[in-house]
Amino acid sequence: MSLFDQISKDIIAAMKAKDKVRLDTLRNIKKLFLEAKTAPGANDELSDADALKIMQKMVKQGKDSAEIYASQNRADLADAELAQVAVIEEYLPKQLSEDELRERLKAIIAETGAQGPKDMGKVMGTASKQLAGLAEGRTISAIVKELLG
């Protein structure tokens, strides 16, 4: 079952359960999926990889918004954002721990033959493809910079 179909099915379950946060979040995801499917050149298709990218972007935006709300002493809004992020994260692959990520990045650095900071672009290109969905780009970048520095 594709992610699109799974989200559609889970919307019905959330309606039956009267789970407002889950329902609103899933409807928002489906709206973004539909926009991506009907975008020019999409041919009315949405791969699971593209769906995951959309959800990862939503998680990042939600966490950033929650951070801003928290810094402005709006815990109510921050909690609402984080509740939605939690629902979205249920559909994403498990994120790598920092140690696991560090080991994978060391292997990628060895594989690409990177010597120092000037090779960061080469490493990031490979790492972004291999670790898509398993870690945030900003975390990958920080560890690569540290390992090459």
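For clarity, every value in this text was computed on a predicted model and none was experimentally measured.
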Could you check if a side-chain atom of [X] sits within less than 4.5 angstrom of a side-chain atom of [Y], using non-hydrogen atoms only?
X: T112; Y: D119; answer: no
X: E81; Y: L77; answer: no
X: P93; Y: L52; answer: yes

Is it the case that one hydrophobic cluster holds both [X] and [Y], taking links as side-chain heavy atoms less than 4.5 Å apart, direct or via other members?
X: V123; Y: L134; result: yes
X: L92; Y: L101; result: no
X: M58; Y: L23; result: yes
X: L82; Y: V21; result: no

What residue among [options] forms side chain to side chain contact (heavy atoms under 4.5 Å, CB included) with [X]?
X: D10; options: L26, D19, I29; answer: L26
X: L148; options: K118, M120, Q115; answer: M120
X: L105; options: T126, L96, L147; answer: L147

Nearest 0.5 Å please: distance from the [atom1] atom of [X] over to the [atom2] atom of [Y].
X: Y91; Y: I7; atom1: OH; atom2: CD1; answer: 4.5 Å
X: K60; Y: S65; atom1: NZ; atom2: OG; answer: 10.0 Å
X: K57; Y: I88; atom1: NZ; atom2: CD1; answer: 12.5 Å
X: T25; Y: E90; atom1: OG1; atom2: CD; answer: 9.5 Å
X: Q95; Y: E136; atom1: CD; atom2: CD; answer: 7.0 Å
X: K106; Y: E111; atom1: NZ; atom2: CD; answer: 16.0 Å

Test log, rule side chain to side chain contact (heavy atoms under 4.5 Å, CB included), inputs R27 and M15: CA-CA 11 Å; R27 282 181 171 162; M15 278 189 232; 3.8 Å; yes

Derivation and outcome, salt bridge (Lys or Arg N to Asp or Glu O under 4.0 Å), residues R102 and E98: CA-CA 6 Å; R102 194 174 293 278; E98 190 170 328; 3.1 Å; yes

Exam field: side chain S128 to backbone G125, donor-acceptor pair closer than 3.5 Å: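 No, S128 side chain to G125 backbone: no donor-acceptor pair under 3.5 Å.
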
Sidechain-backbone polar pair: S141 side chain, G137 backbone, donor-acceptor under 3.5 Å: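 Judged by distance alone, no pair lies under 3.5 Å.
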
Closest non-hydrogen atom pair between A66 and A78, with its separation: O-CB, 3.5 Å

Stepwise side chain to side chain contact (heavy atoms under 4.5 Å, CB included) test for F4 and E45: CA-CA 10 Å; F4 183 84; E45 292 179 15; over 6 Å; no

D5 vs K9, salt bridge (Lys or Arg N to Asp or Glu O under 4.0 Å): CA-CA, chis, key distance, verdict: CA-CA 6 Å; D5 295 335; K9 187 177 137 212; over 6 Å; no

Is it the case that atom [atom1] in [X] sees more than 12 heavy atoms from other parts of the structure closer than 6.0 Å?
X: Q130; atom1: CD; value: yes
X: K122; atom1: NZ; value: yes
X: Q61; atom1: CD; value: yes

Derivation of the side chain to side chain contact (heavy atoms under 4.5 Å, CB included) call for M55 and L3: CA-CA 10 Å; M55 289 193 297; L3 271 172; 3.7 Å; yes

Salt bridge present between K31 and E35 (N-O < 4.0 angstrom):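 A salt bridge is present here (some side-chain N lies under 4.0 Å from a carboxylate O).
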
